[in-house]
Amino acid sequence: MNPILEQCELRKTGITYHQAMNSKHDEDEQQRRQWGTRAWATLSALRARSPLIQCITNFVSMDLMANTLLSAGASPAMLHSVEELPDFTPNADALCINVGTLSPAWLPAMKFAGELAVKAGKPWVLDPVAVGASKFRMMACLELMSLKPTVVRGNGSEIIALSKASLDSSMGVDSCHESVDAVEAAKSLAQSSGAIVAVSGAVDIVTDGKQVIGARNGVAMMQKITATGCSVTALIAAFLAVDQLHALEATASALSIFGIAGEMGMDVAKGPASLRTHLIDSLYGLDEAAIISRIRISSL
Ligand SMILES: Nc1ncnc2c1ncn2[C@@H]1O[C@H](COP(=O)(O)OP(=O)(O)OP(=O)(O)O)[C@@H](O)[C@H]1O
Ligand SMILES: Cc1ncsc1CCO
Ligand SMILES: [Mg+2]
């Protein structure tokens, strides 16, 4: 509502504009503290339990993803051979599948791992990297979606392409869309698939198809480090491993925590290369006070 109309409405209720603004500020502050407490509790559980996270991911992201998981307190394992999956996947605490450097040789293992995770009741997360870039990639992601991932996390362009199942001839791994432009696509994908859908960007968006949450942590420079998106998807898997019953909240918390580590890393970084290092250091050292004071999650 425009502020003048708002003031007229308020006058009728006897509440001054400043009183209303103060009470809204108190409410926002309370909501922020609640999210901070929740995110800190989940990160603490992660550090205490050190869940085993299986990652079937692209060659570019393996190093940053494994180091992100380790610095958050989880135990990463990059296993992708079909022969090992029946022994390994059911015993992992969560699974992350990323199609970034997809080839026909890897797809059967991705599908088999997804099936095994579901059968074992373990959460799994899909990162549909550049899903609109080719028919092969789109078909693979649609097949993986049919295996019911707990969460799908992509950038704006990826979530729009996957939601419409439509190719985009100019698509690479980076987004051409703002995350907020993908809200309707994310809601519709969540409704049709039953998955929680997360869209990364300046505002990270998380939806179950009804509720939409915005997480506003992070810095733009994170886009200049390859595989930060892949790594936050794996961090979501780790958060799900310790808070499986609250997938929406665990996803928003993981995105904010990673963003806060980026903000704190940026306080000392000189550019993308040093930010990569400082982000990992900040994630490792995150404490309750930093989370409570920096977290920016709210309903959209
Ligand atoms: N403009 C921005 N401001 C703040 N944080 C951002 C911004 N853009 C991206 N991020 C953060 O950077 C991380 C990576 O998001 P991005 O959307 O770049 O993923 P992506 O395109 O899948 O990346 P990649 O494929 O390289 O792994 C997320 O944690 C996201 O919140
Ligand atoms: C650059 C790149 N190419 C395929 S996957 C990947 C990592 C970021 O998604
Ligand atoms: Mg990506």
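For ligands, and for the atoms within them, numbers begin at 1 and follow the listed sequence. Bear in mind the structure is a predicted one, so any value in this text is a computation, not a measurement.
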Please say whether Val129 places an N or O atom under 3.5 Å from an N or O atom belonging to ligand 1.
-> no
Ligand 1 to Ala227 polar contact by distance, N or O atoms, under 3.5 Å | yes
Any idea which protein heavy atom is nearest atom 2 (C) of ligand 1, and the distance to it?
-> Ala202 CA, 3.4 Å
Ranked by distance from atom 3 (N) of ligand 2, the top protein heavy atom is Val173 CG1, 3.7 Å
Between Cys230 and ligand 2, find which residue part has any heavy-atom pair under 4.0 Å and reply side chain, backbone, both or neither.
-> side chain
Logged contact type for Glu263 with ligand 1, heavy-atom cut-off 4.0 Å, is neither
The closest protein heavy-atom partner of atom 9 (C) of ligand 1 is Gln223 CG, 3.4 Å
Name the closest protein heavy atom to atom 15 (O) of ligand 1, giving the residue it belongs to and the distance to 0.1 Å.
-> Ser200 OG, 3.4 Å
Backbone or side chain, does any N or O of Asn155 fall under 3.5 Å from an N or O of ligand 1?
-> yes
All side-chain hydrogen bond (donor to acceptor under 3.5 Å, both in side chains) counterparts of Lys111, not counting sequence neighbours | Glu143
Check the surroundings of atom CZ in Arg38: do more than 12 heavy atoms from other residues, nucleotides or ligands lie under 6.0 Å from it?
-> yes
Report the nearest protein non-hydrogen atom to atom 4 (C) of ligand 2: residue, atom name, distance rounded to 0.1 Å.
-> Gly100 O, 3.3 Å
Any side-chain heavy-atom pair of Ile292 and Trp35 under 4.5 Å = no
Side-chain donor-acceptor pair under 3.5 Å between Asn155 and Ser200, yes or no?
-> no
Atom 8 (C) of ligand 2: nearest protein contact (heavy atom, Å) | Thr226 OG1, 3.6 Å
Judged by non-hydrogen atoms, does Arg216 sit under 4.0 Å from ligand 1?
-> no
For Asn58, atoms of ligand 2 separated by under 4.0 Å from a heavy atom | 5 (S), 7 (C)
of all protein heavy atoms, closest to atom 14 (C) of ligand 1 is Thr228 OG1, 3.3 Å
Below 3.5 angstrom, do we get any N/O pair linking Gly229 and ligand 1?
-> yes
Val152 backbone acceptor or donor facing Asp127 side chain under 3.5 Å = no
Sub-4.0 Å heavy-atom approach of Leu255 to ligand 1 | no
With heavy atoms only and a cut-off of under 4.0 Å, state how Asp204 meets ligand 1: side chain, backbone, both or neither.
-> side chain
Which of the atoms in ligand 2, numbered in the order shown and given with their element, are less than 4.0 Å from a heavy-atom of Val129?
-> 9 (O)
Under the salt bridge (charged side-chain N to carboxylate O under 4.0 Å, His left out) rule, what do Asp174 and Lys224 come out as? Steps first, then yes or no, please.
-> CA-CA 10 Å; Asp174 298 320; Lys224 296 291 178 199; over 6 Å; no
Between Val219 and ligand 1, which part of the residue brings a heavy atom under 4.0 Å of the ligand: side chain, backbone, both or neither?
-> backbone
Does any N/O atom on Thr226 come nearer than 3.5 Å to any N/O atom on ligand 1?
-> no
Contact list for residues 145-187, test ring pair (Phe, Tyr, Trp, His ring centres under 6.0 Å), sequence neighbours left out | none
How far is atom 6 (C) of ligand 2 from its nearest protein heavy atom, and which residue and atom is that?
-> Val60 CG2, 3.7 Å
Applying a strict 4.0 Å limit to heavy atoms, is Gly201 in contact with ligand 1?
-> yes
